[in-house]
Amino acid sequence: MIGPFSSRSRKKLRIETERLTLRPPQHGDYRAWAALRAASQDFLSPWEPTWAGDHLTRKSFTNRVYWANRSVAGGTALPLFIIRREDQALIGAVTLDNIRRGPAQAGTTGYWVGERFARMGYMREALEALVHYAFNELDLSRLEAGCLPENTPSRGVLEKVGYKYEGVAQSYLQINGRWRNHVLYANLRSDRRGRTMVG
């Protein structure tokens with residue numbers, strides 16, 4: 001059986017939305033990726049782990065592409081670049097990482113968008129497509145996400161696409177050089193929970 005993570009389908013993996021194409025990163029994306037990340041550094045750095053010294057180098061990006069290919073082939077992650085179809089601009093990325101099979105059937109959602117593409121509804125559109133794909137094509141049951149408590153835009157987009165607040169994880173990740181608490185959200189394929197109290 002050829003599944004969504006097989007080597008035969010890996011090169012063809014594309015998720016189309018009204019305005020966007022979601023697909024794995026390719027070596028030819030380097031210049032656009034490096035330029036977008038560099039231009040958005042001040043916008044992104046409060047919410048991300050501290051960038052390594054070689055973060056924007058071609059070698060680092062090449063390693064990222066190889067990791068993406070191995071992850072897709074092995075079914076452990078689904079790293080996708082977000083491409084605006086009208087002009088083929090790279091606008092950000094979404095990743096379904098830490099995919100667990102067996103009793104869990106779960107994965108962890110991560111995402112970023114370039115500063116000049118923020119607040120245009122692109123991330124909501126991309127996340128809705130990723131959630132649909134995860135539940136309907138990958139047969140996952142639970143998608144998790146975490147973000148800093150003060151990251152109101154990130155919390156808002158998660159809630160708009162069906163993630164619900166579950167609690168706080170203490171010292172969850174090192175962000176911008178400091179261990180930070182994160183608010184945790186989850187999206188369930190069969191969700192019978194009512195509205196959740198947001199902390």
Chemist: Under 4.5 Å between side-chain heavy atoms, counting indirect links through other Ile/Leu/Val/Met/Phe/Trp/Tyr residues: same cluster for Val168 and Leu158 or not?
Modeler: yes
Chemist: In terms of heavy-atom contacts, does CZ of Phe43 have more than 12 from other residues, nucleotides or ligands at under 6.0 Å?
Modeler: yes
Chemist: Determine whether Ile82 and Arg23 satisfy the following criterion, side chain to side chain contact (heavy atoms under 4.5 Å, CB included), listing intermediate values before the conclusion.
Modeler: CA-CA 7 Å; Ile82 306 170; Arg23 59 155 176 81; over 6 Å; no
Chemist: Any idea which heavy atoms bring Leu22 and Ala126 closest together, and the distance?
Modeler: CD2-O, 3.7 Å
Chemist: Begin with the C-alpha distance, continue with both residues' side-chain angles, and end with the deciding distance and a verdict on salt bridge (Lys or Arg N to Asp or Glu O under 4.0 Å) for Lys164 and Glu166.
Modeler: CA-CA 6 Å; Lys164 292 182 181 174; Glu166 291 196 327; over 6 Å; no
Chemist: Is a side-chain N or O of Arg85 found less than 3.5 angstrom from the main chain of Glu18, in a donor-acceptor match?
Modeler: yes
Chemist: Would you say that Glu48 contacts Gln41 through its side chain, given a criterion of any heavy-atom pair below 4.5 Å between the two side chains?
Modeler: no
Chemist: Taking all atoms of both residues into account, what is the closest heavy-atom pair of Thr95 and Pro79, and its distance?
Modeler: OG1-CA, 3.8 Å
Chemist: Contact between Asn63 and Phe61 at the side-chain level, heavy atoms closer than 4.5 Å - yes or no?
Modeler: no
Chemist: Please lay out, stage by stage, how Leu78 and Val94 fare under the test side chain to side chain contact (heavy atoms under 4.5 Å, CB included).
Modeler: CA-CA 8 Å; Leu78 193 62; Val94 291; over 6 Å; no
Chemist: Would you mind reporting whether Val72 and Leu13 have side-chain heavy atoms less than 4.5 Å apart?
Modeler: yes
Chemist: Of the non-hydrogen atoms in Arg101 and Leu138, which two are nearest, and what is the gap between them?
Modeler: NH1-O, 2.6 Å
Chemist: Can you tell me if Asp87 has over 12 outside heavy atoms packed within less than 6.0 Å of its CG?
Modeler: yes
Chemist: About how many Å separate CG of Leu20 and CD1 of Ile83, when rounded to the nearest 0.5 Å?
Modeler: 9.0 Å
Chemist: Within the side chain of Arg100, is there an N or O that forms a donor-acceptor pair under 3.5 Å with the backbone of Asn98?
Modeler: yes
Chemist: So, the side chain of Thr57 versus the backbone of Ser60: is there a donor-acceptor pair under 3.5 Å, distance only?
Modeler: yes
Chemist: Would you say that Glu128 contacts Tyr133 through its side chain, given a criterion of any heavy-atom pair below 4.5 Å between the two side chains?
Modeler: no
Chemist: Is it the case that the side chains of Glu159 and Tyr165 hold a donor-acceptor pair, with the cut-off being a distance below 3.5 Å and no angle test?
Modeler: no
Chemist: If we ignore hydrogens and angles and just use 3.5 Å, is the side chain of Thr109 paired with the main-chain N or O of Glu144 as donor and acceptor?
Modeler: yes
Chemist: Do Thr62 and Tyr30 have side-chain atoms, one donor and one acceptor, less than 3.5 Å apart?
Modeler: no
Chemist: Do Leu80 and Met120 sit in one hydrophobic cluster, given that two such residues count as connected whenever their side-chain heavy atoms are within less than 4.5 Å of each other, even indirectly?
Modeler: yes
Chemist: Taking C-beta and beyond as the side chain, do Val183 and Cys147 meet within less than 4.5 Å on heavy atoms?
Modeler: yes
Chemist: Rounded to the nearest 0.5 Å, what's the gap from CZ on Arg178 to OG1 on Thr50? Could you check?
Modeler: 10.5 Å
Chemist: For residues Ala68 and Pro25, report the shortest heavy-atom separation together with the two atoms involved.
Modeler: CB-CG, 3.7 Å
Chemist: For Phe135 and Leu188, work out which heavy atoms get closest and say how close.
Modeler: CZ-C, 3.7 Å
Chemist: Surrounding CZ of Arg31 (heavy atoms of other residues, nucleotides or ligands, distance under 6.0 Å), is the total greater than 12?
Modeler: no
Chemist: Within the 4.5 Å heavy-atom criterion, are Arg189 and Asp139 side-chain neighbours or not?
Modeler: yes
Chemist: I'd like to know if the side chain of Asn187 reaches the main chain of Val161, judged simply by a donor and an acceptor atom lying under 3.5 Å from each other, with no hydrogens or angles considered.
Modeler: yes
Chemist: Between Asn136 (side chain) and His132 (backbone), is there a donor-acceptor pair under 3.5 Å?
Modeler: yes
Chemist: Got Trp112 and Trp47 here, is their nearest side-chain heavy-atom distance under 4.5 Å?
Modeler: no
Chemist: Taking it one step at a time, do Glu125 and Arg19 satisfy salt bridge (Lys or Arg N to Asp or Glu O under 4.0 Å)?
Modeler: CA-CA 8 Å; Glu125 190 173 323; Arg19 298 179 291 173; 2.7 Å; yes
Chemist: Answer yes when Asp29 and Arg64 have at least one side-chain N-carboxylate O distance shorter than 4.0 Å, and no when they do not.
Modeler: no
Chemist: Would you say Arg155's side chain and Pro149's backbone share a donor-acceptor pair under 3.5 angstrom?
Modeler: yes
Chemist: Parallel under 30°, tilted from 30 to 60°, perpendicular over 60°: which one fits the rings of Tyr122 and Phe117?
Modeler: perpendicular
Chemist: With a 4.5 Å limit on heavy-atom distance, are the side chains of Leu130 and Leu143 in contact?
Modeler: no
Chemist: Please round to the nearest 0.5 Å and tell me the distance separating atom CZ of Arg37 and atom OG of Ser45.
Modeler: 10.0 Å
Chemist: Rounded to the nearest 0.5 Å, how far does CZ of Arg14 lie from OG1 of Thr21?
Modeler: 5.0 Å
Chemist: When you group the ILVMFWY residues by side-chain heavy-atom contacts below 4.5 Å and let the links chain together, are Trp67 and Ile99 in the same group?
Modeler: no
Chemist: Backbone N or O of Glu115 within a donor-acceptor pair of the Ser40 side chain at under 3.5 Å?
Modeler: yes
Chemist: Looking at every heavy atom in both Leu36 and Gly92, which two are closest together, and how far apart are they?
Modeler: CD2-N, 4.0 Å
Chemist: Can you tell me how far the OH atom of Tyr111 sits from the OG atom of Ser154, to the nearest 0.5 Å?
Modeler: 2.5 Å
Chemist: If you measure from CD on Gln105 to CG on Leu140, what distance do you get to the nearest 0.5 Å?
Modeler: 6.0 Å
